[in-house]
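Before any comments, here is the structure.
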Amino acid sequence: MSVPTHLAHVLAPIAPTHEQPDRISITPLLKRLSAPHPQPQRNVPAIDIALAWARTFENRLSGSQLASLLTLLCSTGLDKHPDVIAECAEAMREAAAPIDEKQIQQVLGKRKRARGTYRGGLCDIVGTGGDSHSTFNISTTSSIIAAPLLAMAKHGNRAQTSMSGSADVLKAVTPKAPILENLTAEHLPQAFEDSNYAFLLATNFHPGMKYAATVRKELGLRTIFNLMGPLANPVHNLIEVRMLGVAYQELGPIFAEALRKKGVTKAMVVCGAEDLDEISCAGKTNCWWLKEVPNPKYQEAEDEDESEDEEPKYIPQLETFAIEPADFGFPAHPLSEVGGGKMPKENAKVMMSLLRNEMERDHPILHFVLINVAALLVVSGVCDSDSSELGEVITERGPGGGRWKEGARLARYCLESGRVLQEFEKFIDLTHKLQVS
């Protein structure tokens, strides 16, 4: 197999075998990554790393070469460089199952969910995992509670760093659990026709991930794969709003910059002071908020030929600050009171008690979830409206200029109105209907 000349510094030909006719070597890149250099990111462009990384999802790298790449990225620190994270995440998304984005946009347009400065686009709330706190499934539960007001496209998987991952807890719901494997790329438009909530099981949308499974398991290290999940949502191009939790403070500005580099204009990266990948119910949480603001250079194109080169209508403006439970109108609770750390069946029971609005109003887990839902609602822009048919608007602003208490009020409304359970049951019914068709 030949390699184009302009890629020779990354890839090299390799003799094909009957079992693996399409294998390729990334030895040129590995040599550059392993060469002594005080700042390796300066002589190995992120796009070169992403080019090699992308071959993983085509099953064109041997296990030893993939293991070498992952280990070198870790040892050089390049797996935590915003350029590398941004480019590798894009390569992973490009390898995902194809999605009819235009059809989904048409479906969302018909639903007319705009409110405040939220335009009705898709939303996601997700964490990197790996914070070792073993808390309850906060982002998964929060994604469901936000569904009455936001079009949620929750991207998740089975447990990687805990006993109960997002997919695990959903599959353990009783008496009727969603059949997550049934919602594939071709069914996404129908999902948003039927419900305001969809759970995108990572293995359904990233089939190429299976080629890395054995190497990841044998390495036993946290690698760049562990950082990709929050950035690999297959409907990335349609996501208007993101809230992303990271497990270490150092990752906050890195992820914010990685998002900014790929044109994201409405997102917030959070990390609890305890190195928690959620907004903490125990104390301070550091926030990196990419606030969407009008682009002064934007001019609407007069014809389609000009539209590809035009400036974006909105640009992100980064604000950093800290928030705490009191900003949402809640007391603080120690993390020991909100422990998950249990098996999926137990966490699913707690989650359904919450979704059915059966939990005590002042329960620590409920407060923990509502804080995170509230923040997502604030970031979305639904709290920017000065009038609401859902009750009296709380206009008070807190850190970063956010209406955090209004977010908490709307989160309570979603839960207590019964609409949360309705949206979730619509999603469950859809996944069973897809099984029949």
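In this structure, CG on Asp275 lies 7.5 Å from OH on Tyr248, to the nearest 0.5 angstrom. To the nearest 0.5 Å, the span separating CG on Leu183 from CD on Gln190 amounts to 9.0 Å. Note that CD of Glu337 is 8.0 Å distant from SG of Cys281, once rounded to the nearest 0.5 Å. Atoms CG and NE2, on Leu238 and His236 in that order, are 10.0 Å from each other to the nearest 0.5 Å. Going from atom OH of Tyr118 over to atom SG of Cys123 covers 4.0 Å, rounded to the nearest 0.5 Å. Atom CZ of Arg397 is separated from atom SG of Cys383 by 9.5 Å, given to the nearest 0.5 angstrom.
Taking the side chain to side chain donor-acceptor pair (under 3.5 Å) definition, one finds that Lys349 meets it with nothing, sequence neighbours left out. Contacts of Leu221 classified as side chain to side chain contact (heavy atoms under 4.5 Å, CB included), with partners at least two apart in sequence or in another chain: Leu219, Thr223. Looking at residues two or more places apart in sequence or on another chain, you find a side chain to side chain donor-acceptor pair (under 3.5 Å) between Thr265 and Glu292. For Arg412, there are no side chain to side chain donor-acceptor pair (under 3.5 Å) partners, not counting sequence neighbours. Annotation: ring pair (Phe, Tyr, Trp, His ring centres under 6.0 Å) contacts of Trp53 (sequence neighbours excluded): Phe57, Phe225. Partners of Glu257 under the salt bridge (Lys or Arg N to Asp or Glu O under 4.0 Å) rule, at least two apart in sequence or in another chain, are Arg260, Lys261. In this structure Glu240 satisfies the side chain to side chain donor-acceptor pair (under 3.5 Å) test together with Lys266, sequence neighbours excluded. Taking Lys405 as the reference, Ile394, Glu396 meet the side chain to side chain contact (heavy atoms under 4.5 Å, CB included) condition, with sequence neighbours excluded.
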Does Cys287 form a side chain to side chain contact (heavy atoms under 4.5 Å, CB included) with Thr320? I'd like the steps, not just the answer.
CA-CA 6 Å; Cys287 303; Thr320 59; over 6 Å; no

Apply side chain to side chain contact (heavy atoms under 4.5 Å, CB included) to residues Val378 and Glu406 and explain how you reach the verdict.
CA-CA 8 Å; Val378 170; Glu406 171 64 1; over 6 Å; no

What do the steps show when you test Ser388 against Arg409 for side chain to side chain contact (heavy atoms under 4.5 Å, CB included), and what is the final call?
CA-CA 12 Å; Ser388 174; Arg409 183 188 75 82; 3.9 Å; yes

Kindly determine whether Leu170 and Phe199 satisfy side chain to side chain contact (heavy atoms under 4.5 Å, CB included), including the steps that lead there.
CA-CA 9 Å; Leu170 291 177; Phe199 184 90; 3.3 Å; yes

side-chain hydrogen bond (donor to acceptor under 3.5 Å, both in side chains) between Arg242 and Asn233, worked out:
CA-CA 10 Å; Arg242 296 167 175 80; Asn233 194 315; over 6 Å; no

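Of the possible polar contacts, one joining the Glu346 side chain to the Met343 backbone as a donor-acceptor pair under 3.5 Å is found. When atom types are taken as modelled, the side chain of Thr128 and the backbone of Leu227 share no donor-acceptor pair closer than 3.5 angstrom. A donor-acceptor pair under 3.5 Å is formed between the side chain of Arg113 and the backbone N or O of Pro148. Side-chain N or O atoms of His81 include one that pairs as donor or acceptor with a backbone N or O of Asp83 at under 3.5 Å. No donor-acceptor distance shorter than 3.5 angstrom exists from the side chain of Tyr211 to the backbone of Thr214, with no hydrogens or angles considered. Formation of a donor-acceptor pair under 3.5 Å by the Thr431 side chain with backbone atoms of Ile179 is found in this model. For Arg60 (side chain) and Thr56 (main-chain N/O), no donor-acceptor pair under 3.5 Å exists by modelled atom type. In this structure, the side chain of Gln317 does not engage the main chain of Lys291 through any donor-acceptor pair within 3.5 Å. Under a 3.5 Å cut-off, the side chain of Ser195 and the backbone N or O of Phe192 do not form any donor-acceptor pair. One N or O on the side chain of Asn204 and one on the backbone of Leu180 form a donor-acceptor pair closer than 3.5 Å.
Residue pairs that meet the salt bridge (charged side-chain N to carboxylate O under 4.0 Å, His left out) test with at least one member in residues 172-184, sequence neighbours left out, are Arg158-Glu181, Lys171-Glu181, Lys176-Asp429. Legend: salt bridge (charged side-chain N to carboxylate O under 4.0 Å, His left out) pairs involving residues 363-387, not counting sequence neighbours, sorted by first then second residue: Asp386-Arg403.
Contact check for Leu188 versus Asp100: no side-chain heavy atoms found under the 4.5 Å cut-off. Asn196 places a side-chain heavy atom less than 4.5 Å from the side chain of Arg111. Taking the side chain as every heavy atom from C-beta outward, Ile315 and Pro296 approach each other to under 4.5 Å.
Checked by atom type, the side-chain pair Glu324/Thr285 shows no donor-acceptor distance below 3.5 Å.
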Acceptor/donor pairs from residues 89-97 side chains to any protein atom, 3.5 angstrom cut, sequence neighbours excluded:
{"residue": "Glu90", "atom": "OE1", "partner": "Lys262", "partner atom": "NZ", "Å": "2.4"}
{"residue": "Arg93", "atom": "NH1", "partner": "Leu231", "partner atom": "O", "Å": "2.7"}

Validation: residues 357-375 side-chain donor-acceptor distances under 3.5 Å, sequence neighbours left out:
{"residue": "Arg361", "atom": "NH1", "partner": "Glu416", "partner atom": "OE1", "Å": "3.4"}
{"residue": "Arg361", "atom": "NH1", "partner": "Glu416", "partner atom": "OE2", "Å": "2.2"}
{"residue": "His363", "atom": "ND1", "partner": "Ile365", "partner atom": "N", "Å": "3.1"}
{"residue": "His367", "atom": "ND1", "partner": "His333", "partner atom": "NE2", "Å": "2.9"}
{"residue": "His367", "atom": "NE2", "partner": "Arg361", "partner atom": "O", "Å": "3.3"}
{"residue": "Asn372", "atom": "OD1", "partner": "Ile279", "partner atom": "N", "Å": "2.9"}
{"residue": "Asn372", "atom": "ND2", "partner": "Ile279", "partner atom": "O", "Å": "3.2"}
{"residue": "Asn372", "atom": "ND2", "partner": "Phe368", "partner atom": "O", "Å": "2.9"}

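One finds a salt bridge joining Glu193 and Lys110 here, because a Lys/Arg side-chain nitrogen approaches an Asp/Glu carboxylate oxygen to under 4.0 Å.
Ring orientation note: the planes of Trp404 and Trp289 are tilted relative to one another, at an angle of 30° to 60°.
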